[in-house]
Amino acid sequence: MTTAPGTSPRTGGQVRAVRLGPRSVAALVLVSALGVMAFGWPLLADSASGLAHSKDAPWLFAALLPLLLAVVVATIADVGLDAKAIAMLGVLAAAGAALRPLGAGTAGIEPMFFLMVLSGRVLGPGFGFVLGAVSMFASALLTGGVGPWMPFQMLSMGWVSMGAGLLPGPDRLRGRREMLLLAVYGTLSSLLYGLIMNLQGWPYIAGLATGVSFVPGDPLPDNLARFVTYCLATSLGWDLPRALLTIVLTLTVGPTVLKALRRATRRAAFDAPVSFAPAPDRAPAPQNDGR
């Protein structure tokens, strides 16, 4: 019996380095819901609420997110990560962390995005979320980019890689159609990453009395208009090159990387049960009778 590349020979389905159980799904939903609040509180809070006027909200979320991310990673590791998955996680996270400094700070060029997308596609949403978060954490340590923005970057990259694992057709879609799907997703996720990260930094400029500043308590349409202007004026020049580079890398070296990832997951045999065979009986050693 033959199976498609990157599929499990036992089930015929897509190989998953991490099988998400109820606890893992609940943890991911919880941290994602809090992440939406952490990023979107300036736009989601009612003008009459205390949160809309609080200057402590960004710092509160910056303190809570690392703890919740640690809980999610620990939960997924507890229920699904075995030694083989941890080894692959270490290799891919190191590769992603090494790729990011190659272009970070230069017109927004970040080659790690295409690797996170392809890895999430092959290894699934659970592994993808952990990989994105761990890779961003490792790259922050490598580049010295540790600050209150780091947990937001970890969550955003976790979403990027997890979303790739949720794309349709993991068992049957191959070839040019799959690469086009990944290129489109990589483009959109690259742009949305910049948009979401702008929400993290935008409230910090409140009170500067500029036309793009966040004004606590103002109506949603007014703050939303300021936020769009802020994105166009500050980050679009970084987001577009990031998206363009993701397209180019996905369509050029993407097929080779995708094939290598699927070959590695097939050889790792994540779906294969681990069993220990009894040691064979050893034949008695020949006796030396002195002749």
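No hydrogens, no waters, no symmetry mates; every other heavy atom, side chains included, goes into these values.
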- Item | Side-chain donor or acceptor of Y185 paired with backbone N/O of V117 under 3.5 Å |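 It does not hold such a pair.
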
I need the minimum non-hydrogen distance between [X] and [Y], along with the two atoms involved.
X: L195; Y: C231; result: CD1-SG, 3.6 Å
X: G96; Y: L115; result: N-CD2, 3.8 Å
X: S235; Y: N198; result: OG-ND2, 2.7 Å
X: T250; Y: P255; result: O-CD, 3.5 Å
X: L181; Y: L173; result: CD2-CD2, 3.6 Å
X: A183; Y: I247; result: O-CG1, 4.2 Å

### Query
Got more than 12 heavy atoms from elsewhere within 6.0 Å of CZ, F137?
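Counting other residues, nucleotides and ligands, CZ of F137 stays at 12 neighbours or fewer.
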
Same cluster (ILVMFWY, side-chain, under 4.5 Å), [X] and [Y]:
X: M150; Y: I196; value: yes
X: L180; Y: L191; value: no
X: L245; Y: L192; value: yes
X: L167; Y: L261; value: yes
X: V248; Y: L118; value: no

Does a side-chain heavy-atom distance below 4.5 Å link [X] with [Y]?
X: M197; Y: F39; result: yes
X: F129; Y: S161; result: no
X: F127; Y: M162; result: no
X: V253; Y: F114; result: yes
X: R100; Y: M116; result: no
X: M112; Y: S135; result: yes
X: L251; Y: L182; result: no
X: T187; Y: F113; result: no

Out of curiosity, [X] [atom1] to [Y] [atom2], how far, rounded to the nearest 0.5 Å?
X: R263; Y: T265; atom1: CZ; atom2: OG1; value: 10.0 Å
X: I86; Y: M88; atom1: CD1; atom2: CE; value: 12.5 Å
X: Q153; Y: M136; atom1: CD; atom2: CE; value: 5.5 Å
X: L89; Y: L123; atom1: CG; atom2: CG; value: 9.5 Å
X: R172; Y: R177; atom1: CZ; atom2: CZ; value: 8.5 Å
X: L199; Y: Y230; atom1: CG; atom2: OH; value: 9.5 Å

Please step through salt bridge (charged side-chain N to carboxylate O under 4.0 Å, His left out) for the pair E178 and K259, ending with a clear verdict.
CA-CA 12 Å; E178 182 180 33; K259 188 179 299 183; over 6 Å; no

